[in-house]
2 protein chains.
Amino acid sequence: MPRKARLNERAIAEAALAVLDAEGIEALTMRHLAEKLSTSAMALYNHFPDKDAVLEAVAQLLLAEIEAPPPGIGWQETARRIMRSARTVTLRHPHAAPLIARFPPRTPDALAFVEAGFRSFRAAGFDPHSTARAYRALVAYSLGTLEVELGAYFAAHPAAQAPAGSLDQPSVGRLLPTVDEVGPELAASDPQAEFEFGLNVLITGLEALLPHR
Amino acid sequence: MPRKARLNERAIAEAALAVLDAEGIEALTMRHLAEKLSTSAMALYNHFPDKDAVLEAVAQLLLAEIEAPPPGIGWQETARRIMRSARTVTLRHPHAAPLIARFPPRTPDALAFVEAGFRSFRAAGFDPHSTARAYRALVAYSLGTLEVELGAYFAAHPAAQAPAGSLDQPSVGRLLPTVDEVGPELAASDPQAEFEFGLNVLITGLEALLPHR
DNA sequence: AGTATAAACGTACGGCGTAAAGAATAACGA
DNA sequence: TCGTTATTCTTTACGCCGTACGTTTATACT
């Protein structure tokens with residue numbers, strides 16, 4: 001009955017990811033995406049209910065790129081590898097990365113790393129509740145790190161400006177001396193090292209959740 | 001020389017925050033915001049170069065709401081109070097909260113809590129680099145928790161769907177058993193308790209950075 | 001071959017951010 | 001006091017967005 005579809009969800013999502021990588025999120029419009037696929041904007045609506053669904057599909061594509069570590073390497077190393085892989089994927093697709101924070105894994109491929117992580121935690125003695133708790137904390141930390149990093153959040157940190165009028169500059173240094181002192185350090189540090197540091201702190205803390213033997 | 005302005009940045013930013021709180025981010029358009037201020041959309045452009053600047057101003061408003069703890073309570077308690085206050089503020093303005101992640105504190109009022117935090121860390125013996133590192137990790141964790149929480153990221157977690165065709169449901173349970181087992185726990189937990197848990201883990205880990213005596 | 005049906009297309013609508021140009025207003029120098 | 005001038009505000013309009021709606025096209029089955 002159906003005409004053989006020239007388009008399909010997969011191809012559209014992949015094209016959307018390509019547009020994102022090459023031109024950024026603001027270039028990802030339905031018309032532009034359709035153009036890249038040599039079709040019309042409305043044709044996309046045969047495969048997705050709306051634009052958000054396209055973005056969701058892109059997120060699943062990204063999540064599927066996260067590697068599921070092999071079993072038998074311990075829960076700490078499993079957690080480390082998953083979070084590192086997630087970070088690698090998001091830095092590979094910086095414009096698409098925010099989507100990972102907006103859509104949880106849903107497809108089997110996208111859930112592969114979750115399954116591997118959960119399994120490793122359960123095998124190590126974490127009960128389901130603690131497993132969820134640990135996963136939550138690790139995800140929150142990783143997403144936050146990503147958000148901060150991609151947003152160039154700490155970049156430059158030009159210190160405060162005078163309230164409104166034309167007060168002299170030095171007043172800033174007098175009001176916020178410690179911001180002035182520490183601020184430059186925020187932009188200077190090595191992101192990967194910072195990430196690993198926080199990751200290790202969390203893993204260490206999580207060990208306390210295990211029934212000690 | 002200048003006509004006495006009916007509008008000013010502060011009033012506009014406050015009106016924008018009110019719109020955000022009442023109607024959400026998609027309702028915050030220049031036209032709608034102007035309507036609330038009984039003026040025209042273009043009048044706003046005398047006070048802000050573009051819409052993003054309005055959002056930035058709202059972010060500064062939110063950041064200024066974060067309470068700076070008093071000195072003398074120790075760096076751990078200082079960190080805890082700042083992060084708790086930040087969380088309280090963002091949960092009070094859920095629609096506006098993502099802005100906090102997009103714009104770093106810039107105005108003196110918005111930097112007050114940063115100054116208090118930095119000062120406390122420095123007084124406790126953290127050098128500027130370690131202070132920046134600790135701040136980074138705490139902010140990343142808090143922003144990530146927020147992102148996950150506001151996005152209802154873990155809500156429902158309906159497990160995976162069959163690839164495409166009409167495969168039977170039970171196959172999902174067979175492919176991702178641990179996701180099925182742990183998944184429900186993700187939505188069920190107490191967000192505040194989860195937040196405090198991760199916060200304490202981080203603070204404990206940060207103690208290792210101090211020159212032990 | 002005929003027909004049902006899903007896919008693709010074209011057009012159109014309301015709304016967005018904001019550029020541009022003119023009108024209105026308040027503070028200042030004379 | 002009265003232009004002069006710097007600023008705020010208003011009006012109009014442009015190009016773009018997502019997508020509702022109706023039509024055309026191309027397949028697969030009878």
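Letters go in sequence order (proteins before strands), and every chain restarts at 1. Keep in mind that this is a model prediction, so the values were computed, not measured. These numbers come from the heavy atoms of this one structure, side chains and all, not from hydrogens, waters or symmetry mates.
One can place CG of L33(B) at 17 Å from P of dG15(C), the figure rounded to the nearest angstrom. Whole-Å rounding puts the E35(A) CD to dC9(C) C1' distance at 15 Å. Atom CD in E23(B) sits about 14 Å away from atom P in dG15(C), given to the nearest Å. Rounded to a whole Å, the CD1 atom of I25(B) is 14 Å from the C1' atom of dC16(C). Rounded to an integer number of Å, the gap from CG of L37(B) to P of dC9(D) is 10 Å. Distance, M30(B) CE to dT10(D) P: 14 Å, rounded to whole Å. Between the OH atom of Y45(B) and the C1' atom of dA13(D) there is a distance of 14 Å, rounded to whole Å. We find that CZ of F48(A) is positioned 15 Å from P of dG18(D), with the value rounded to whole Å.
The phosphate of dC9(D) (OP1 or OP2) has a side-chain N or O of H47(B) nearer than 4.0 angstrom. In terms of phosphate contacts, T39(B) brings no side-chain nitrogen or oxygen within less than 4.0 Å of OP1 or OP2 of dC9(D).
You'll find that the side chain of A43(B) is closest to dT10(D), out of dT18(C), dC9(C), dT10(D).
Side-chain atoms of R31(A) come within donor-acceptor range of the base of dG18(D), with a qualifying N/O pair under 3.5 Å. Judged by atom type and distance alone, N46(A) does not reach the base of dA6(C) through any side-chain donor-acceptor pair under 3.5 Å.
Look at R31(A) and E35(A) and you find no salt bridge, because none of the NZ, NE, NH1 or NH2 atoms lies under 4.0 Å from a carboxylate O. By the 4.0 Å N-to-carboxylate-O rule, E14(B) lies close enough to R10(B) to be salt-bridged with it. The pair R102(B)-D52(B) meets the salt-bridge criterion, since a charged nitrogen lies less than 4.0 angstrom from a carboxylate oxygen. Looking at E194(B) and R133(A), a side-chain N of the basic residue comes within less than 4.0 Å of a carboxylate O on the acidic one, giving a salt bridge.
Judged purely by atom type and a 3.5 angstrom limit, E9(B) has no side-chain atom pairing as donor or acceptor with the backbone of F48(B).
A residue-by-residue look at A27(A) and M42(A) shows that A27(A) has its nearest nucleotide of DNA chain D further toward the 5' end.
Within the nucleic acid shown, S40(A) comes within 4.0 Å of at least one base atom, counting heavy atoms only.
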